[in-house]
Amino acid sequence: MPDLHELGFPYADVSSDGTAALGKLPGTGGLLNRQTVREQLLYEITDPAAYLTPDVTLDVRDVRITDDARISGARGTPRPDTLKVSVGYRAGSKVEAEISYAGPNAAARGALAADIVTERLTGVPVRAEVLGGATDCRLRVAAISHDPALLERIADEVESLYTNGPAGGGGFRAHVTEVVGIASTTIPRDAVRPSVTFLEVS
Amino acid sequence: MLLHELAHCRAGDKGNTATLSVFPRDDADYELLVRTVTAEQVRAHLAEFIAGEVVRHELPNLPALHFVCHQIVDGGVTTSLALDTHGKSLSSRLLAMEIRPAGSRTAH
């Protein structure tokens, strides 16, 4: 794969006969070939016979890709009467707290640390997992809540492993980020009035 | 042999549904993949991550096997507690599946 440090995203010149020619700007890295094009073609398609887009219902089952990244055989049926809507909602905040163990028995000490934290947080829904290899691993504890005090307590429990946990815990980090949940639904197309606003920032 | 030796794969996500597209490195191995990589095997290999049904679509013109995996454990992307909230790494996890093909054209 050439020049990934200067990657250029591809574009498609799409024709109404169901063909498309893929290209990208000269001098950019990356590669357009059958492998990369077909990986992108099926990306996030849950029904290859009927992929809903705002403009067309796409059927990719007869699509073929040539070695020079040309596509043919795409078929379309009329666009859906409804449009997909992703509704964002405030889902609270997520805490992620981590601490490392290394050397002999590192994974066992990580597992013990996970047991200690989950025992002390009994009744609190947290995800505790030991990631990495047998001799260099990291306990990761994550939770989502609307309660800032609870999120802080979870981080404190992991930090406390420095002096109240298995030997040799190091590199504690914790951060809290707001979570916007996504709920997907559909609305009638005629309920939407598209408009475009350009904002310029100098 | 690992599936990785015969195929490449990409994962996509829609909420807590994951898509896994499997492509033969050599088109001649497509029929072998059809016989070898079933929806049941994908679900069993990724049982830690997939709670629901796995549906396989056969796309011989690309060629590709496209797996739609329902009810990803701790899925949902933005509200997931997993480190890989999107499940992007499921593609590589699937390529780590051991397969026992008969009649592979790829030399070993």
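So you know, we letter chains A, B, ... as the sequences are listed, proteins then strands, and number each from 1.
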inquiry  = Per the side chain to side chain donor-acceptor pair (under 3.5 Å) rule, what does the pair list look like for residues 133-151 of chain A, sequence neighbours excluded?
reply    = Glu96(A)-Arg140(A), Glu98(A)-Arg138(A), Ser100(A)-Arg138(A), Glu129(A)-Arg140(A)
inquiry  = When you compare the side chain of Gln40(A) with that of Arg10(B), does any pair of heavy atoms fall below 4.5 Å?
reply    = yes
Chain A contact via Pro63(B) - side chain, backbone, both or neither, heavy atoms under 4.5 Å = both
Residues 72-82 of chain A side chain polar contacts: donor-acceptor under 3.5 Å, at least two apart:
unit_1: Arg75(A); atom_1: NH2; unit_2: Asp59(A); atom_2: OD2; d: 3.1
unit_1: Arg75(A); atom_1: NH2; unit_2: Asp62(A); atom_2: OD2; d: 3.2
unit_1: Thr77(A); atom_1: OG1; unit_2: Thr57(A); atom_2: O; d: 3.4

task = Say whether, by atom type as modelled, one donor and one acceptor occur between the side chain of His8(B) and the main chain of Glu39(A) under 3.5 angstrom.
result = no
ask   = In residues 16-24 of chain B, which residues are in contact with chain A at a heavy-atom separation under 4.5 Å?
value = Thr17(B), Thr19(B), Ser21(B), Phe23(B), Pro24(B)
message = For Thr85(B), which atoms come within 4.5 Å of any heavy atom of chain A: side chain, backbone, both, or neither?
response = side chain
remark   = On a heavy-atom basis, the closest approach of Ala91(A) and Thr79(B) is CB-CG2, 4.0 Å
request  = Among Ala143(A), Gly92(A), Ser86(A), single out the residue with the greatest number of heavy-atom pairs under 4.5 Å to chain B.
outcome  = Ala143(A)
Segment of Cys9(B) engaging chain A (4.5 angstrom heavy-atom cut-off) = backbone
request  = Answer whether the closest heavy-atom distance between the side chains of Leu62(B) and Arg64(A) falls below 4.5 Å.
outcome  = no
ask   = Tell me, side chain or backbone of Val63(A) under 4.5 Å from chain B's heavy atoms, or both, or neither?
value = both
note = Heavy-atom closest pair (Lys14(B) atom, Glu44(A) atom, distance to 0.1 Å) is NZ-O, 3.0 Å
ask   = Does anything in residues 47-59 of chain B get under 4.5 Å of chain A by heavy atoms, and if so which residues?
value = His57(B), Leu59(B)
ask   = At their closest point, which heavy atom of Ile45(A) faces which heavy atom of His66(B), and how far apart are they?
value = O-NE2, 2.5 Å
Student check: side-chain heavy atoms of Asn61(B) and Arg61(A) closer than 4.5 Å = no
key: Part of Ser184(A) lying under 4.5 Å from any heavy atom of chain B   = neither
note = In this structure, OG1 of Thr78(B) is separated from CD1 of Ile144(A) (nearest 0.5 Å) by 7.5 Å
